[in-house]
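This report concerns only the one structure given below.
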Amino acid sequence: DAITAAKGVARLPAAPRPLGKLKPPEGVGPLLGAHKRYLTGRGLDPDEVAALWGLQGIGIAPRLGWSIYVPITLHGQTVSWTTRAIGAGPKRYHGAAPGEEALPAKSLLYGEQFVRHAVVVCEGPLDAIAIGPGAVATMGIFPHSYPGQLRYDPFKDFAPVAHLCNLHIGMGVAQSA
């Protein structure tokens, strides 16, 4: 299965030194029924993505209620996070503020711990999750368009794949930009 196949595959560069202290949002816990229905509706197995990618849920909470919590890890440590709202609302995604993350999410590649020799580059973490191990997310930026934005060159050890994917989860359509 995907969980077994993905373990122990990373050749990661040295971790940058943390700049702050991680502060997860209030109310993070196991995926609830509404979270699982949201993920299932997008063609994902909620238990598998929770086990592999560490997804959790936020239920009733004063801030970021009814969201999926996506931890962003580097070398096995959670250093930042983002969330995806599962209901209608003005803002679908909310990332950690500078005082809530040990390292800026936009300076990392989400999912790089599962990459072997080549990589599929996506914009957001749910795109990478939908594709599976071997896909990474740039957290909304394209690294080669913003020199110096990333804290190190995560692509130096991998064969390049020249497509940035915008995956329409649940529709089975991938487009290259």
Point to revise | Heavy-atom side-chain contact between Glu48 and Trp53 under 4.5 Å | key: no
Point to revise | Exam field: side chain His35 to backbone Gln56, donor-acceptor pair closer than 3.5 Å | key: no
Review point. Counting N and O atoms only, with roles assigned by atom type, does the side chain of Lys106 sit under 3.5 Å from a partner on the main chain of Met139, one being a donor and the other an acceptor?
Key: yes
Review point. Nearest 0.5 Å, what's the NZ-CG distance between Lys36 and Asp45?
Key: 9.5 Å
Point to revise | Transitive ILVMFWY side-chain link Leu126 to Leu32, under 4.5 Å | key: yes
**Study point:** Close side-chain approach of Thr73 and Val79, heavy atoms under 4.5 Å
**Key:** no
Check your understanding: Among the clusters formed by ILVMFWY side chains lying less than 4.5 Å apart, do Leu22 and Ile58 turn up in the same one?
Key -> yes
**Study point:** Pairwise distance CD(Glu101) to OG(Ser107) - rounded to 0.5 angstrom
**Key:** 7.5 Å
Review point. What distance separates Lys91 NZ from Ser67 OG, expressed to the nearest 0.5 Å?
Key: 11.0 Å
**Study point:** Test item: Trp66 and Ile60 side chains (from C-beta on) under 4.5 Å apart, heavy atoms
**Key:** yes
Check your understanding: Is a donor on one side and an acceptor on the other found under 3.5 Å between the side chain of Thr82 and the backbone of His94?
Key -> yes
Check your understanding: Any salt bridge between Arg63 and Glu100, counting N to O under 4.0 Å?
Key -> yes
Review point. Quick one: does Leu31's side chain get under 4.5 Å of Leu39's, heavy atoms only?
Key: yes
Practice item. For Arg84 and Tyr69, test the side chains for any donor-to-acceptor distance below 3.5 angstrom and give the result as yes or no. Key: no
Check your understanding: Should Phe114 and Val136 count as side-chain neighbours, where that means a heavy-atom distance under 4.5 Å?
Key -> no
Exercise for review: List the steps, then state whether side-chain contact (heavy atoms from CB on, under 4.5 Å) holds for Ile129 with Leu55.
Suggested key: CA-CA 10 Å; Ile129 289 168; Leu55 299 186; 3.8 Å; yes
Check your understanding: Under a 4.5 Å cut-off applied to non-hydrogen side-chain atoms, are Val70 and Tyr110 in contact?
Key -> yes
Exercise for review: Indicate yes or no: at least one non-hydrogen side-chain atom of Ile131 is less than 4.5 angstrom from one of Cys122.
Suggested key: yes
Review point. Would you say Thr83 and Ile68 make side-chain contact, with heavy atoms under 4.5 Å?
Key: no
